[in-house]
2 protein chains.
Amino acid sequence: MARAINFRQVPSPLKASCHQCSLSNLCLPLAIQDNDLDSLEDIVQQGRIYNRGEHIFDQSTPFRSCFAVKSGSVKTSIITEGGEEQVTGFFMPGELVGLDSMSGESYACTAKALERTSVCEFPVDKLEELTGKLPELQHHMYHLMSQEIQNSHQLAMLLSKNTAEERIASLLLSLSSRFQRRRMSPTNFSLPMARNDIANFLGLAVETVSRVFTRFQNQGIIKARGREVELLDIEALQMVTRDFSRQGCQQ
Amino acid sequence: MARAINFRQVPSPLKASCHQCSLSNLCLPLAIQDNDLDSLEDIVQQGRIYNRGEHIFDQSTPFRSCFAVKSGSVKTSIITEGGEEQVTGFFMPGELVGLDSMSGESYACTAKALERTSVCEFPVDKLEELTGKLPELQHHMYHLMSQEIQNSHQLAMLLSKNTAEERIASLLLSLSSRFQRRRMSPTNFSLPMARNDIANFLGLAVETVSRVFTRFQNQGIIKARGREVELLDIEALQMVTRDFSRQGCQQ
DNA sequence: GTAGCGATTTGACTTGCATCAATTTGGACG
DNA sequence: CGTCCAAATTGATGCAAGTCAAATCGCTAC
C-alpha cells in the first residue's frame, strides 16, 4: 500500500485505499478532488468480509458508521415489534448503506449481506467532521441522502399505484441500470436476492412474483433460471412500467 | 374578496426573525446556539404568503431553496409524465419542505399550499455554506434528511403491508402527535387536506377512505364532520395500527 | 337566499392479488 | 450419489379494496 506508515489509529483497523479502488467513480471519492482524497482515506476503515446471511448491523446496534458496499450486495429491512419484515432497499457495490440512520442512537434498519460481501466503513463522527471541511463532500452527502428520499418516494408510488407486473418490471430495469453503471452487462446478470426478498420489497406475495416471472418468460420478455436473468426485450419492459397514460388519460 | 390589496411582493425579501418565531423550538433554530442564530437569520428570507391551492414550487422550478412552513400546511407530490399524482407528504408548521430535492437541478416534487400558508425560505447555497461552519446545524440537516428517509420507509411499509383501516389510523395518529408537538389539541383538530389527498397518500380510493371514516365513527373511535375530526379513543386507534402479531404469529 | 359545482358519502358489482395447498427444483453435505 | 430442507413454482379459491354509478353535502358567489 502506498502511504504505508500512518499514525497508529488505536483500534488499528486496516485503512482502505480509495486511490486504488475501482469504485472511486461511484462511491464518496466521486465528489472530491484528488488532493483531498487522502483525508477521506484517513477516516475510512477497511470493513470485514461478511458471508451470505450475516448481519452488518441491526436495529439494536448503536449507530456509528455508514458502510459503502465494495463487493457483493446488501439488503436493508425494517423489522417490526411483531417480527414482520419490510425490505427497504438493496445495495450494490459503490452504494452507501446507513443514511437512513443518521438520526437516533441505533440503526433504523437491519443490514444483511445477500452474498459474500465486503464493505468500507465510514465512522460518522469523523465523516461529519470531514464534510464540515470539504464543501463538495458535504454537498455530495446531501445529494446522496436526497436521492435516497427520492428512491423511497418512487417505491411508495410503485406500491400504491402499480400492478405486480409493473413493479417487477421496474425492479428489473433498476437493477439493469445499476449493473450497467458498473460496466457489467445490463441484460445478463444474476439477481443477488431471493424471490422472497423481491416479493417483500415490492409488497407482493412470493407466489405472485413467481407467476409474473413465468408470464414475462412466456411473453419472451425475459429468460430466467433461478437467479440468473436475461432481459431479452428491454423496451417491452419499459412499456410495462410506463402506465400507458395515453389511454388512461381520456380526452 | 377579502385579501384584495396585498403588498407588491417584488423579490425584495424581508428578513425573518428566528429570534421571535414561536416555532424556533421545532424548526432549524432548534439545532443551534443562541449566538449563532443571527447567522441563520442572515440567510433566511421571509417567504410570501400562499393561498390555498397555490404552488410554492413544482417539478419544473429550478431548485434554489428549502422552505420551512410557518403557518398553514403544504402537500408535496410527484406528478408522473402521464399526469398521475402521488402525494409524498404533508408538512405542518415547523417542518422543512424540499429536502428530497437537494440533488438535481429542479425540485423533485411539487409543493402546494393546502390552506393559507406562509413559509420561510432558506437558499441552499447559503445554507450549505452555513452548515459548513456550524457543525450542529450540519448535524441537524443530516438528522432531518435521515428522518425523512425513515418516514418514507414507514410509508412504504404501510402501503405494502397494512389494510385500509390500519393506514388511516396511522395517519390520524401521526397528525395527532404533530398537532401535539405544537401544543395544540391532539384529539380535536381539522384536517388540512381533502379526502382525495388522504386517499392518494395512502394508496387507497377516495371511496375507501370515506367508508373507513364512517366505520370508525360507527365504532365510536372518532367523530368526523367534514374536515373536523375528534379522536374519541386514541388507544383504540393504536390498537388498529398495531398488527396484532400475537395472533398473526401463530404458535 | 339560492344556484352551481366540487367534495363526500353510500351502494352494487368486479377483480387482482393473497392465501392455502401441493409439487418440483436445487444446492449443501455426509 | 442420494438425502434433506429451503426455495421456487403451479393450481384452486376467497376477499379487501377498486371501479362504476348515483345521491347528498357544503361551499362560494351572486
Side-chain angles (χ1 to χ4, degrees), chain A residues 51-53 75 84-87 112 114-116 158-169 190-218 222-229 240 243 247-250, chain B residues 1-4 51-53 75 84-87 112 114-116 158-171 190-218 222-229 240 243 247-250:
Chain A
N51 287 315
R52 166 199 283 229
K75 162 185 103 172
E84 264 192 321
E85 177 179 20
Q86 166 71 46
V87 175
K112 197 184 214 182
L114 287 171
E115 50 195 319
R116 202 138 213 281
L158 213 60
L159 293 173
S160 86
K161 297 240 181 320
N162 294 55
T163 65
E165 297 199 349
E166 291 163 344
R167 298 182 206 185
I168 289 174
S190 109
L191 299 169
M193 74 293 279
R195 296 283 187 277
N196 222 323
D197 294 325
I198 296 181
N200 187 305
F201 180 63
L202 296 177
L204 300 169
V206 204
E207 295 93 326
T208 304
V209 173
S210 185
R211 276 185 256 269
V212 171
F213 266 83
T214 58
R215 212 174 307 156
F216 281 169
Q217 186 144 245
N218 293 338
I222 69 170
K223 195 142 81 80
R225 271 195 78 73
R227 295 191 173 192
E228 293 305 317
V229 175
V240 175
D243 43 316
Q247 52 202 23
C249 253
Q250 25 57 289
Chain B
M1 210 179 290
R3 66 260 150 317
N51 287 314
R52 166 200 282 230
K75 162 185 103 174
E84 264 193 321
E85 178 180 19
Q86 166 72 46
V87 175
K112 198 184 213 183
L114 287 171
E115 50 195 318
R116 201 140 212 278
L158 213 59
L159 292 173
S160 86
K161 297 240 181 320
N162 294 55
T163 65
E165 296 200 350
E166 290 163 346
R167 298 182 207 186
I168 289 174
S170 286
L171 178 62
S190 109
L191 299 169
M193 73 295 279
R195 297 283 188 277
N196 222 322
D197 293 326
I198 296 180
N200 187 306
F201 180 62
L202 296 177
L204 299 169
V206 204
E207 294 92 326
T208 305
V209 173
S210 185
R211 277 186 256 267
V212 171
F213 266 82
T214 58
R215 212 175 307 157
F216 280 169
Q217 185 145 245
N218 293 339
I222 68 170
K223 194 142 82 78
R225 271 194 77 74
R227 294 190 175 194
E228 293 306 316
V229 175
V240 175
D243 43 316
Q247 52 203 22
C249 254
Q250 26 54 287

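This one's a predicted model, so the numbers in the text were calculated from it and none came from an experiment.
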- Task: Calculate the interatomic distance between B:E165 atom CD and D:dA16 atom P; express it in whole Å.
- Result: 10 Å
- Message: As an exercise, state the distance from CG of A:L191 to CG of A:L114, rounded to the nearest 0.5 Å.
- Response: 10.5 Å
Interface polar pairs with nucleotides 28-30 of chain C, N/O, under 3.5 angstrom:
none

- Query: When the distance from CD1 of B:I168 to C1' of D:dA16 is rounded to whole Å, what number comes out?
  - Reply: 13 Å
- Side chain of A:E207, base of C:dC20: donor and acceptor closer than 3.5 Å? yes
- Take B:R215 and B:E165 through the test salt bridge (charged side-chain N to carboxylate O under 4.0 Å, His left out) and record every step on the way to the result. CA-CA 9 Å; B:R215 212 175 307 157; B:E165 296 200 350; 2.6 Å; yes
Every protein N/O within reach of nucleotides 22-26 of chain C N/O, cut-off under 3.5 Å:
unit_1, atom_1, unit_2, atom_2, d
C:dG26, OP1, A:R225, NH2, 2.9

- Query: According to the salt bridge (charged side-chain N to carboxylate O under 4.0 Å, His left out) rule, which pairs have a member within residues 193-212 of chain A, sequence neighbours left out?
  - Reply: A:K75-A:D197
- Out of D:dT10, C:dC17, D:dA17, minimum distance to the side chain of B:A164 belongs to D:dA17
- How many angstroms lie between CD in B:E85 and CG in B:N196, if you round to the nearest 0.5 Å? 8.0 Å
- Query: When the distance from CD of A:E84 to P of C:dA18 is rounded to whole Å, what number comes out?
  - Reply: 14 Å
- Find the distance A:L114:CG to D:dA7:C1' and express it as a whole number of Å. 15 Å
- Query: Once you round to the nearest 0.5 Å, how far does CE of B:M193 lie from CG of B:N200?
  - Reply: 11.5 Å
- Message: Run the ring pair (Phe, Tyr, Trp, His ring centres under 6.0 Å) test against B:F216 and tell me which residues pass, sequence neighbours left out.
- Response: none
- Provide the closest heavy-atom pair for B:E115 versus B:P192 in the form atom of the first, atom of the second, distance. OE2-CB, 3.6 Å
- Can a donor-acceptor pair under 3.5 Å be found between the side-chain atoms of B:R227 and the base atoms of D:dG26? no
- When every non-hydrogen atom of B:S160 is compared with those of A:G203, the smallest separation belongs to CB-CA, 3.5 Å
- Query: Going by heavy atoms closer than 4.0 Å, what residues in residues 194-204 of chain B are next to DNA chain C?
  - Reply: B:A194, B:R195, B:N196
- Name the closest nucleotide to the B:T163 side chain, picking from C:dC17, D:dA17, D:dT19. D:dA17
- Here the gap from A:T208 atom OG1 to A:L202 atom CG, rounded to the nearest 0.5 Å, amounts to 10.5 Å
- Task: Let me know, please, whether B:A205 or B:R52 comes out on the 5' side of the other along DNA chain D by nearest nucleotide.
- Result: B:A205
- Query: If you round to the nearest 0.5 Å, how far is CZ of B:R116 from CZ of B:R52?
  - Reply: 12.5 Å
- Query: Is a donor-acceptor contact shorter than 3.5 angstrom present between the side chain of B:R211 and the base of D:dT19?
  - Reply: yes
- In whole angstrom, give the distance that lies between atom CZ of B:F213 and atom P of C:dA7. 16 Å
- Query: Can you list the residues that meet the side-chain hydrogen bond (donor to acceptor under 3.5 Å, both in side chains) rule with A:R227, with sequence neighbours excluded?
  - Reply: none
- Whole-Å gap separating C1' (D:dA17) and CG (B:L159): 14 Å
- Message: Looking at every non-hydrogen atom in both residues, tell me the closest pair between A:K161 and A:E166 and how far apart they are.
- Response: O-OE1, 4.3 Å
- Task: Answer yes or no: does a side-chain N or O of B:T208 lie under 4.0 Å from OP1 or OP2 of D:dG18?
- Result: yes
- Length of the CG-P vector between B:N162 and D:dA16, whole Å: 15 Å
- Message: Between C1' on C:dG16 and NZ on A:K161, what's the gap in Å once rounded to a whole number?
- Response: 17 Å
